Amino acid sequence: MNNRLRVLRAEHDWSQGDLADRLGVSRQTINALETGKYDPSLVLAFKIAQLFEMKIEEVFQPTVEELK
Amino acid sequence: MSKQNPVTRANRIYTRDLLLAMGAYTVILIVAVSWVNILPQENNWRYVIILAPVLPLLIALLVFMRWLRNVDEFERKLNFEAFGFSLATTGIITLTLGFLERAGFPDTPLMLVPMLMIFLWGLGLVIARKRYQ
């Protein structure tokens, strides 16, 4: 799953720790999400989208392979 | 931000409570072993006294389960992978030792098994964290 988390975080001038605190997760979780190594649960994905006031699909985009 | 991160809070409470439980375990273990050593062999209270250190271990288990419920989903995933690694590896190692014992290899003390599981859980966590870095 591709995501725009790193870009959105930079736009808000937040560190990984700031974003982690806002979402109630660890900094390691943010790092794993940003590097695309971990796909969040639906609940966390919605929380992230809500935080950035965006639709979930504007933050997360599945890869072509995942949609096959 | 005034509200503390729930993961940070869970980690802080876990560290504090686990240290307390393991401190109690150490004290109770020392007292229990010393006490049992001076009791006569025919005294059945020996069994009760030597089992006393299990109580703080059960408290440590509850502390750990509470921590696991309170950390975030990614940390739970890492721990799930580490537990799987620990369980499977401990199974293979103990089975291998069992086969060797059939051929005359010295018996392995059962008390080493949980220590092995904990060690392999830690190793599994290191491996899992590296995979997701």
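A note on names: the letters A, B, ... follow the listed sequences, proteins ahead of strands, and every chain is numbered from 1. All of these numbers come straight from a predicted model, not from anything done at the bench.
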Asks: Are there more than 12 heavy atoms of other residues, nucleotides or ligands under 6.0 Å from atom CZ of B/Arg16?
Replies: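 Correct, the count exceeds 12.
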Asks: Could you walk me through whether A/Gln28 and B/Tyr132 pass the side chain to side chain donor-acceptor pair (under 3.5 Å) test, one step at a time?
Replies: CA-CA 9 Å; A/Gln28 285 78 15; B/Tyr132 290 100; over 6 Å; no
Asks: Is B/Arg131 close to chain A through its backbone or its side chain, or both, or neither, when contacts mean heavy atoms under 4.5 Å?
Replies: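 For B/Arg131, the contact with chain A is made by the backbone alone.
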Asks: Applying the 4.5 Å side-chain criterion to the ILVMFWY set and letting contacts propagate, would B/Met65 and B/Trp67 be lumped into a single cluster?
Replies: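 Same hydrophobic cluster.
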Asks: Could you give the distance from OG1 (B/Thr8) to CG (A/Asp21), rounded to the nearest 0.5 Å?
Replies: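 Going from OG1 on B/Thr8 over to CG on A/Asp21, the span is 6.0 Å.
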Asks: Is A/Thr29 in contact with chain B via its backbone, its side chain, both, or neither, using a 4.5 Å heavy-atom distance?
Replies: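 Contact with chain B involves both backbone and side-chain atoms of A/Thr29.
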Asks: Is it true that atom CG of B/Asn37 has more than 12 heavy atoms of other residues, nucleotides or ligands lying nearer than 6.0 Å?
Replies: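 Yes - once you tally the heavy atoms of other residues, nucleotides and ligands closer than 6.0 Å, there are more than 12.
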Asks: Any side-chain to backbone donor/acceptor pair from B/Glu73 onto A/Pro40? Under 3.5 Å, distance only.
Replies: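 No: the side chain of B/Glu73 does not pair with the backbone of A/Pro40.
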Asks: How long is the span from the NZ atom in B/Lys77 to the CG atom in A/Asp39, to the nearest 0.5 Å?
Replies: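 So the NZ of B/Lys77 and the CG of A/Asp39 are separated by 8.5 Å.
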Asks: Within a 6.0 Å radius of atom CD on A/Glu53, are there more than 12 heavy atoms belonging to other residues, nucleotides or ligands?
Replies: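 No - once you tally the heavy atoms of other residues, nucleotides and ligands closer than 6.0 Å, there are 12 at most.
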Asks: Is the backbone N or O of A/Ser26 less than 3.5 Å from a side-chain atom of B/Asn5, with the two atoms forming a donor-acceptor pair by type?
Replies: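 Looks like no, no N/O pair under 3.5 Å.
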Asks: Please say whether more than 12 non-hydrogen atoms of neighbouring residues, nucleotides or ligands are located less than 6.0 Å from CG in B/Leu110.
Replies: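 Result for CG/B/Leu110: open.
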Asks: Crowded around A/Gln50 CD? As in, over 12 foreign heavy atoms under 6.0 Å?
Replies: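 No - once you tally the heavy atoms of other residues, nucleotides and ligands closer than 6.0 Å, there are 12 at most.
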